[in-house]
Asker: 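Let me begin by handing over the structure; questions about it come next.
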Amino acid sequence: MANDTTYEGELDGDGLSLAIVVSRFNDSITGKLLTGAQEAVQRYGVGEHDVFWVPGSFEIPVVAKRLAGSGRYHAVICLGAVIRHETAHFEYVAGQAAEGIQRVALDTGVPCLFGVLTCDTDEQALDRAGGKHGNTGFEAVEAAIRVANLLRMFKRG
Ligand code: INI
């Protein structure tokens with residue numbers, strides 16, 4: 001039998017510092033994502049968290065990059081709601097938000113969680129912002145805690 005070891009970050013927020021970037025666009029939805037995220041912060045005992053509001057999801061990556069590079073946060077949680085409403089604008093905003101957030105994570109090594117809803121309708125978004133399909137903000141904080149703790153296991157020195 002090989003010497004395999006399994007690693008998984010625990011759902012324990014003790015000692016973690018999180019940044020939450022949240023988009024003002026569609027704030028009737030993103031406000032609920034933030035509420036869910038802050039419930040998870042409380043539930044798992046996250047040491048500290050700061051909230052940063054940006055105008056729209058397109059602006060999330062540039063702010064996430066500054067926060068991830070600051071050395072102050074173990075993870076950056078990005079919250080937004082991009083609703084299709086039959087316009088091509090959706091594709092650009094949703095695509096660039098996703099691509100930008102992932103790029104920040106890979107460039108900085110700081111996990112950046114994708115809590116940006118990309119939906120056809122407000123109803124679909126509300127279902128995922130504390131409705132019948134849960135709360136993506138809550139789930140993003142859970143993922144942030146697990147990944148941050150996993151990475152802490154490999155801290156150098
Ligand atoms: N921003 C969103 O977060 N969600 C949207 O649904 C949206 N739509 O549909 O336009 C949106 N647009 C604004 C965009 O994020 C920027 O703030 C704007 O383009 C200025 O750069």
Side-chain angles (χ1 to χ4, degrees), residues 9 11 13 16-152:
L11 256 180
L16 289 181
S17 177
L18 303 181
I20 301 176
V21 184
V22 54
S23 162
R24 185 65 72 186
F25 205 101
N26 290 323
D27 64 358
S28 60
I29 297 163
T30 62
K32 293 180 193 299
L33 295 176
L34 179 59
T35 298
Q38 291 180 313
E39 283 172 7
V41 161
Q42 291 296 321
R43 169 93 57 94
Y44 300 112
V46 170
E48 56 181 14
H49 79 286
D50 296 320
V51 177
F52 300 85
W53 285 93
V54 297
S57 296
F58 197 79
E59 286 72 46
I60 290 174
V62 69
V63 175
K65 182 171 183 175
R66 179 68 66 89
L67 298 171
S70 71
R72 286 170 54 168
Y73 301 105
H74 293 95
V76 180
I77 292 97
C78 302
L79 304 177
V82 192
I83 315 291
R84 186 180 295 275
H85 291 311
E86 297 168 11
T87 72
H89 199 62
F90 170 94
E91 313 290 348
Y92 293 99
V93 174
Q96 290 306 308
E99 200 273 335
I101 290 166
Q102 179 69 306
R103 182 142 53 94
V104 171
L106 295 177
D107 286 353
T108 63
V110 174
C112 296
L113 288 294
F114 188 62
V116 179
L117 295 171
T118 56
C119 299
D120 288 334
T121 64
D122 288 356
E123 187 187 359
Q124 288 175 349
L126 287 165
D127 285 347
R128 292 159 178 78
K132 65 183 177 192
H133 293 308
N135 190 310
T136 294
F138 189 98
E139 291 155 14
V141 169
E142 286 187 322
I145 293 169
R146 284 199 187 280
V147 177
N149 283 332
L150 181 62
L151 294 178
R152 283 207 294 187

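Numbers for residues simply follow the sequence, beginning at 1. Numbering of ligands and ligand atoms starts at 1, following listing order.
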Asker: Would you mind telling me if ligand 1 is within reach of the side chain of S23, the backbone, both or neither, using heavy atoms under 4.0 Å?
Answerer: side chain
Asker: Could you tell me whether the side chain of R72 reaches within less than 4.5 Å of the side chain of D50, counting heavy atoms only?
Answerer: yes
Asker: Using heavy atoms and a threshold below 4.0 Å, how should the contact between V93 and ligand 1 be classified: side chain, backbone, both, or neither?
Answerer: side chain
Asker: Looking at E39 and R43, is there a salt bridge between them, counting it only when a charged N and a carboxylate O are closer than 4.0 Å?
Answerer: no
Asker: Is any side-chain heavy atom of S17 less than 4.5 Å from a side-chain heavy atom of H74?
Answerer: yes
Asker: Within ligand 1, which atoms have a heavy atom of N26 less than 4.0 Å away?
Answerer: 4 (N), 5 (C), 6 (O)
Asker: If you count heavy atoms of other groups shown closer than 6.0 angstrom to CZ of R152, is the number above 12?
Answerer: yes
Asker: To the nearest 0.1 Å, how far is atom 3 (O) of ligand 1 from its closest protein heavy atom, and which atom is that?
Answerer: S57 OG, 2.7 Å
Asker: Is there a side-chain contact between T30 and L34, using heavy atoms and a 4.5 Å cut-off?
Answerer: no
Asker: Provide the number and element of each atom of ligand 1 under 4.0 Å from a heavy atom of H89.
Answerer: 8 (N), 10 (O), 12 (N), 19 (O)
Asker: So V62 and V54, do their side chains get closer than 4.5 Å, heavy atoms only?
Answerer: no
Asker: Using a 6.0 Å cut-off, check whether atom CZ of F58 has over 12 heavy atoms from anything other than its own residue.
Answerer: no
Asker: Go through ligand 1 atom by atom and flag the ones less than 4.0 Å from a non-hydrogen atom of G56.
Answerer: 3 (O), 15 (O), 17 (O)
Asker: Go through ligand 1 atom by atom and flag the ones less than 4.0 Å from a non-hydrogen atom of F58.
Answerer: 14 (C), 15 (O), 16 (C), 21 (O)
Asker: Quick one: does P55 get an N or O within less than 3.5 Å of an N or O on ligand 1?
Answerer: no
Asker: With a 4.0 Å heavy-atom cut-off (strictly under), which part of E59 contacts ligand 1: side chain, backbone, both or neither?
Answerer: side chain
Asker: If we set the cut-off at 4.0 Å for heavy atoms, which region of A81 has an atom near ligand 1: side chain, backbone, both, or neither?
Answerer: backbone
Asker: Give the atom numbers and elements of ligand 1 that come within less than 4.0 Å of a heavy atom of I83.
Answerer: 6 (O), 9 (O)
Asker: Consider every N or O of F25 and every N or O of ligand 1, then say whether any pair is closer than 3.5 Å.
Answerer: no
Asker: Do V82 and F25 touch side chain to side chain, with heavy atoms closer than 4.5 Å?
Answerer: no
